[in-house]
Amino acid sequence: MIYQPEQGCIWDPTVLYVKDAYYMVCMYKPSTSHKDNYMWMAKSEDGVHWYSVGSVLEDERGVCKMYMYETDDGVGLNFGSFSEGQRVNNDTLRYYKSYDMINWEYVGENQPDERWYKTTGRWDHMYVLKDDNVYYGYPVATPLPEIKSAWGLCKSNDGHHWECTEPPMIEWGDIPIIDCLEGGGVEKIGDKYYYIGGFVGYAGNYGYGLYTFTSDKPEGPFTPDKEAFRLCGFNRLPGRVFVQNLAAFARGRDGELLISNAVDAGGPYEIRLLPMRKAIVDNGGHLRMGYWQENEKLKGTEINITTDMQKLIYASHMPDEQMPDNWICTEFIPDGNSLKANVDGPNGPVVHDRFLLMKIDADLDLNKGIIYEGSFNAWSLPVYDEERHMTHNWRPAEIGFFVDEETVDGNIKGMAITLEIGHPYKRYSHVKNISVENNILQYDIIDSITEGCAEIKGVDACKEHSFKLLYRKNVFELYVDDMFVQTFVHLGNPTGHIGLYLQNAKVTIKEMKIYEMTL
């Protein structure tokens with residue numbers, strides 16, 4: 001969303017703050033006629049605004065995903081690669097070091113030890129953690145089946161010369177066993193060690209997802225964090241494997257622990273760096289991703305939202321339609337940068353979905369990007385009965401953030417990230433395709449955030465929540481209460497209009513603001 005090179009293809013960025021600046025390195029190839037033999041670098045003073053440094057390392061044997069880390073005498077780097085003379089398996093780790101972040105000196109290489117690993121399997125990028133003066137490396141590996149692990153382990157005294165050791169044991173419980181995860185790193189937070197790693201088609205997710213394991217020791221054993229197992233990713237979208245790619249731990253200024261990630265906005269030559277997230281461990285010890293306050297530096301000129309700009313573009317029954325006496329009429333009351341709205345519905349049980357779509361009529365430059373933020377209270381409609389602890393709303397109530405897409409027939413079409421309103425038990429968030437034809441709204445759920453996910457799953461009724469929608473080109477991501485909900489990409493062509501979606505709900509929204517991004 002916030003950075004991609006002027007030309008060429010990047011993949012799997014990693015970020016490190018060193019020498020008073022943020023550096024991002026990633027796989028790179030200049031064109032389809034080249035192989036992945038290059039490491040690309042970008043630099044930023046604030047971790048938000050990036051400029052290209054260029055290709056700083058080349059290896060004809062291949063340069064796969066890499067990690068940087070500080071050592072006592074500079075910065076170390078490793079990347080996955082291939083054995084001499086063949087490009088069959090990522091079976092070789094190559095090590096470099098640098099004193100200026102531009103020139104990289106070759107240190108050595110190693111391959112998996114057959115005592116613990118498949119030598120025909122992967123031996124790829126290795127995240128490095130220094131703990132009690134020992135460097136621990138966690139390479140992407142394929143442990144032998146009887147070990148029942150999913151990544152490797154190396155140790156070093158200087159961060160440059162590495163010994164291959166037995167992989168960490170994983171106590172799987174009833175989580176499905178997988179033999180290889182692409183590592184996003186291991187970090188110590190409080191008194192626990194958190195490993196994150198990803199793969200496609202794993203643990204009920206049919207796209208790429210990242211998963212969290214915890215341990216009391218850097219060598220393990222590790223246990224899947226079942227309650228918040230999927231840190232990020234997506235679970236269903238025909239024809240797409242990647243939306244969010246490999247998320248990875250990153251170190252910011254003063255050692256701040258962040259998580260970097262990229263988005264596949266439409267193929268290998270549309271891979272973009274996403275805004276960095278803050279790594280947060282909640283009161284239950286679960287790793288989650290939060291809004292990084294440095295991203296406020298993306299805010300530029302404010303676009304004033306007026307009453308006239310808020311347009312009701314669809315309601316199951318419009319506010320001026322005649323309704324039966326026992327029905328609540330649709331309400332839509334914009335007031336500057338505030339709004340009160342509800343769908344229509346009977347005073348008795350609601351058994352059919354009712355919808356409302358609002359659009360802000362402002363010309364937004366999506367090449368520049370925008371941040372849309374504010375606060376809201378939301379309720380199901382009819383409202384939950386706190387005395388009897390029941391509701392007449394027998395269909396899901398949701399609030400969503402709508403992004404419009406072009407149509408050729410004048411109908412309404414777009415996508416929304418939606419949040420169910422109510423009690424947390426089995427409360428979900430969704431990404432939906434939305435269309436209106438013949439004055440009937442239809443939706444298709446293309447992604448769900450459900451049990452076992454670390455992302456925000458819906459919102460409490462009768463409680464004020466903040467929101468931020470970051471939106472640039474064809475990529476949008478949502479935060480609620482400064483916690484990550486989801487990142488997604490348009491499946492059609494965006495118009496640059498944004499708005500709100502209600503389903504069987506009512507809402508009050510305050511302090512809505514739109515800022516152009518300073519990109």
Side-chain angles (χ1 to χ4, degrees), residues 290-291 305-307 309-316 319 327-347 350 353-360 371-403 416-430 432 434 449 455-470 476-486 498-515:
Y291 182 75
I305 300 175
T306 66
T307 300
M309 291 168 63
Q310 297 188 51
K311 306 291 186 182
L312 178 62
I313 58 172
Y314 176 81
S316 298
W327 278 56
I328 302 165
C329 294
T330 301
E331 186 176 49
F332 185 77
I333 308 173
D335 182 12
N337 63 355
S338 298
L339 171 68
K340 292 182 179 180
N342 63 258
V343 298
D344 66 279
N347 284 317
V350 171
D353 289 323
R354 304 287 172 173
F355 302 98
L356 182 151
L357 279 177
M358 179 275 273
K359 187 163 67 175
I360 297 174
I371 296 177
Y372 172 42
E373 67 178 23
S375 64
F376 68 88
N377 276 274
W379 300 263
S380 61
L381 190 75
V383 177
Y384 185 80
D385 187 332
E386 295 287 350
E387 292 185 2
R388 300 176 64 198
H389 296 287
M390 53 85 67
T391 180
H392 286 305
N393 191 55
W394 295 345
R395 297 290 301 156
E398 297 187 11
I399 179 173
F401 296 85
F402 177 71
V403 290
I417 302 177
T418 68
L419 304 110
E420 289 188 0
I421 304 162
H423 192 278
Y425 178 66
K426 293 194 174 180
R427 186 181 69 191
Y428 303 147
S429 296
H430 303 288
K432 293 182 176 182
I434 294 169
I449 299 168
E455 305 102 318
I456 290 292
K457 297 180 281 292
V459 291
D460 294 339
C462 312
K463 179 181 177 182
E464 186 167 289
H465 302 275
S466 65
F467 70 88
K468 289 182 187 288
L469 180 74
L470 280 64
F476 50 97
E477 69 177 29
L478 179 66
Y479 295 82
V480 169
D481 297 330
D482 282 340
M483 298 300 293
F484 176 71
V485 182
Q486 188 58 298
I498 58 176
L500 296 165
Y501 164 96
L502 290 184
Q503 176 179 328
N504 307 316
K506 72 173 186 175
V507 67
T508 61
I509 304 174
K510 299 185 298 183
E511 297 298 323
M512 285 190 291
K513 296 180 180 180
I514 298 175
Y515 298 91

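Note that these values count all heavy atoms, side chains included, but never hydrogens, waters or copies made by symmetry.
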Taking the side chain as every heavy atom from C-beta outward, state whether [X] and [Y] have any atom pair closer than 4.5 Å.
{"X": "K506", "Y": "E331", "result": "no"}
{"X": "F401", "Y": "F476", "result": "no"}
{"X": "F332", "Y": "L339", "result": "yes"}
{"X": "V485", "Y": "F467", "result": "no"}

Testing the basics here: between [X] and [Y], what is the closest heavy-atom pair and its distance to 0.1 Å?
{"X": "D481", "Y": "H465", "result": "OD2-ND1, 2.9 Å"}
{"X": "I305", "Y": "M309", "result": "CA-SD, 3.9 Å"}
{"X": "L502", "Y": "A341", "result": "CD1-O, 3.9 Å"}
{"X": "S338", "Y": "K510", "result": "OG-CA, 3.9 Å"}

Checklist line | Residue pairs fulfilling salt bridge (Lys or Arg N to Asp or Glu O under 4.0 Å) with at least one residue in residues 390-403, sequence neighbours excluded | finding: D353-R395, E398-K432

Residues in salt bridge (Lys or Arg N to Asp or Glu O under 4.0 Å) with [X], at least two apart?
{"X": "K457", "value": "none"}
{"X": "E455", "value": "R230"}
{"X": "E420", "value": "none"}

Going by the angle between their ring planes, with limits at 30° and 60°, are [X] and [Y] parallel, tilted or perpendicular?
{"X": "F355", "Y": "Y501", "answer": "tilted"}
{"X": "F484", "Y": "Y479", "answer": "perpendicular"}
{"X": "H392", "Y": "W394", "answer": "tilted"}

Expected output: side-chain [X] to main-chain [Y] donor-acceptor under 3.5 Å:
{"X": "R427", "Y": "V459", "result": "yes"}
{"X": "S429", "Y": "I449", "result": "no"}
{"X": "N504", "Y": "R354", "result": "yes"}

Notebook entry, point to check: Who are the side chain to side chain donor-acceptor pair (under 3.5 Å) partners of H423, not counting sequence neighbours?
Noted result: none

Notebook entry, point to check: Taking atom NZ of K340 and atom CD1 of I509, what is their separation to the nearest 0.5 Å?
Noted result: 12.5 Å

Checklist line | Rounded distance (nearest 0.5 Å) linking atom CD1 of I313 with atom CG of L500 | finding: 10.0 Å

Check: Among I421, I399, N342, L356, whose side-chain contact (heavy atoms from CB on, under 4.5 Å) with V507 holds?
Finding: I399

Note to self: Taking the basic N atoms (NZ, or NE/NH1/NH2) and the acidic carboxylate oxygens, is any pair closer than 4.0 Å for D482 and K468?
What the structure shows: no

Pairs under 3.5 angstrom only: tabulate donor-acceptor contacts from the side chains of residues 374-381 to other protein residues two or more places apart or in another chain.
residue	atom	partner	partner atom	Å
N377	OD1	K463	N	3.3
N377	OD1	E464	N	3.2
S380	OG	P382	O	3.2

